[in-house]
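Below, each value reflects all heavy atoms present in this structure, side chains not excepted, and no hydrogens, waters or symmetry copies. Every number for a ligand or one of its atoms is a count from 1 in the order of the listing. Quick note: residue numbers are just sequence positions, from 1.
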Amino acid sequence: MEKHKCLIVGSGPAGFTAAIYASRANMSPVLYQGMQPGGQLTTTTDVDNFPGYPKGVNGTQMMIELEEQAKRFGTDVRMGMITKVDFSGSVHKVWVDNDKEIHADTIIISTGASARYLGLESEEKYLLNGGGVSACAVCDGFFYKGQETVIVGAGDSACEEASYLANLCTKVTMLVRRDEFRASKIMEERVRGMENIEILHNTELDEVLGDGNVVTGVRVVNNQTQDKKEISCTGVFIAIGHTPNTAVFKPFLDMDEGGYIINKPGSAKTNVEGVFVSGDAADHVYRQAVTAAGTGCMAALDAERYLAAKGLH
Ligand code: NDP
């Protein structure tokens with residue numbers, strides 16, 4: 001039976017930052033990478049808003065470097081998914097790929113969240129290689145400065161992203177599938193007040209149009225009349241929500257209705273002693289690489305203090 005002081009689940013900026021801090025504190029962390037090694041940043045192109053990279057950095061490259069940094073201090077980085085956990089005792093148990101059982105004094109959950117997509121083939125095609133479809137306006141909006149964009153969704157995220165885009169783009173068309181918004185009134189009013197945002201109600205994205213490499217427009221359908229029309233644009237933002245990758249922890253950890261793990265305010269602590277959370281698994285508001293890294297650091301420091309208080313470190 002393997003037993004470790006610190007097991008980190010997830011390999012985005014939160015997980016690797018936790019690993020850097022935990023390994024430098026001699027906690028000999030083991031990190032399981034999960035389904036998407038490197039996390040959400042590997043699906044974006046350039047990261048221009050992470051402090052310390054004045055020329056920007058390719059998202060995948062950034063994650064490779066974070067991994068190298070964690071390994072430099074001795075983190076044991078492994079392939080594999082945590083498929084089952086048992087947090088009922090003081091030693092926490094996890095199972096990797098439905099098979100290998102591992103025990104750990106502390107667990108840091110950094111499993112992130114996955115953006116929801118509509119599931120259109122054309123959406124997937126232009127999502128790759130900066131083709132023009134994105135699920136993060138704050139990450140990718142700048143590439144569409146002075147251009148026309150379309151955004152799908154009518155929640156708080158969509159409103160926030162639409163206002164962000166409206167400050168950069170000449171025109172933003174918002175596709176809202178119902179005759180009303182889901183967002184809070186204040187957010188809705190904000191987008192309604194922006195001159196260069198056009199809101200199309202009862203309207204859904206039917207197809208992303210492009211030249212094979214990049215987006216050139218969208219075809220939309222009015223779900224009341226079934227009328228279709230084309231809108232030209234270079235960027236398509238999908239803002240229909242995220243799903244936190246936390247289902248496996250549900251039997252043991254307190255979560256909100258969206259499945260986000262609830263951390264004790266001002267800390268990375270969960271309701272289970274010795275189990276900590278960082279990054280998007282607990283954050284539906286900020287969702288940035290830099291905030292994820294910040295909470296990864298908090299989780300490692302909290303884990304170290306927990307081990308010290310228990311006389312385990
Ligand atoms: P939400 O689930 O709140 O909203 C999702 C939106 O996408 C809804 O308008 C929904 O439409 C639409 N949608 C879902 N599926 C489809 C589809 N297949 N086709 C078209 N439209 C679709 O997600 P958010 O990410 O906006 O917000 C998540 C949580 O985070 C919320 O609690 C929100 O308040 C919070 N948040 C808070 C912020 C803040 O306080 N600054 C900022 C961002 C988020 P429909 O309404 O018809 O279901």
Step-by-step ring-ring contact (aromatic ring centres under 6.0 Å, His included) determination, F73 to Y21: CA-CA 9 Å; F73 300 112; Y21 274 78; 9.6 Å; no
Counterpart residues, ring pair (Phe, Tyr, Trp, His ring centres under 6.0 Å), relative to F252 (two or more places apart): F87
Separation of E67 CD from S11 OG (nearest 0.5 Å): 7.5 Å
Student check: side-chain heavy atoms of P51 and V290 closer than 4.5 Å: yes
Residues lining ligand 1 [heavy-atom distance under 4.0 Å, listed by chain and residue number]: L118, V152, G153, A154, G155, D156, S157, E160, R177, R178, R182, A239, I240, G241, H284, R287
Within 6.0 Å of CZ in R192, more than 12 heavy atoms from elsewhere: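 Yes.
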E304 and N26 side chains, donor-acceptor separation under 3.5 Å: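 No - no donor-acceptor pair under 3.5 Å links their side chains.
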